[in-house]
Amino acid sequence: MVRKVDHIGIAVKDLDETLKFYEDVLGIKCVSTEVVEEQKVKVAFLPIGDTEVELLESTEEDGPISKFIEKRGEGIQHIAYRVDDIEKAIKELKEKGIRLIDEKPRYGAGGARIAFLHPKSTFGVLIELCER
Ligand code: ZN
């Protein structure tokens with residue numbers, strides 16, 4: 001079902017400050033940024049090898065990234081796995097009794113189609129399925 005790690009989503013308080021670390025210290029360059037209104041988040045894309053780091057800064061106090069940072073602090077928020085056919089993957093997971101946050105694919109940053117699985121069904125990790 002899963003092809004590879006598409007990206008790792010990291011929740012940060014200050015995108016510009018965080019980018020200094022990634023770009024100047026680690027040498028991983030940001031290729032673009034995007035605001036995803038629906039998720040109240042500004043995303044920076046940093047490709048590395050055949051995967052990507054996605055830095056996520058909340059654009060609103062009540063956004064999911066704000067809430068995440070409030071509860072757990074900055075850090076890895078989700079891991080995204082690439083799938084070829086997201087509808088098929090969702091259907092298979094439902095049949096296997098996996099709890100889903102999204103039963104239908106929604107728009108994801110970078111024009112991907114994404115769906116989240118509930119961490120209660122995934123041993124504590126917020127998993128995103130990602131079709132490109
Ligand atoms: Zn993601």
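Both ligands and their constituent atoms are indexed starting at 1 by order of listing. For the single chain, residues carry numbers from 1 onward in sequence order.
Residue contact annotation: D6 places no N/O/S atom under 2.8 Å from the Zn ion (ligand 1). Here C130 does not reach the Zn ion (ligand 1): none of its N/O/S atoms is less than 2.8 Å from the metal.
Salt-bridge check for E34 with K42: failed, with every basic side-chain N at 4.0 Å or more from each acidic carboxylate O. The pair D24-K20 does not count as a salt bridge, with every side-chain nitrogen at least 4.0 angstrom from each carboxylate oxygen. Salt-bridge annotation for K67 and D62: absent, with no side-chain N of the basic residue lying under 4.0 Å from a carboxylate O of the acidic one.
Here the side chains of C30 and E23 are in contact, with some heavy-atom distance below 4.5 Å.
Atom OE1 is the N/O/S atom of E128 found closest to the Zn ion (ligand 1).
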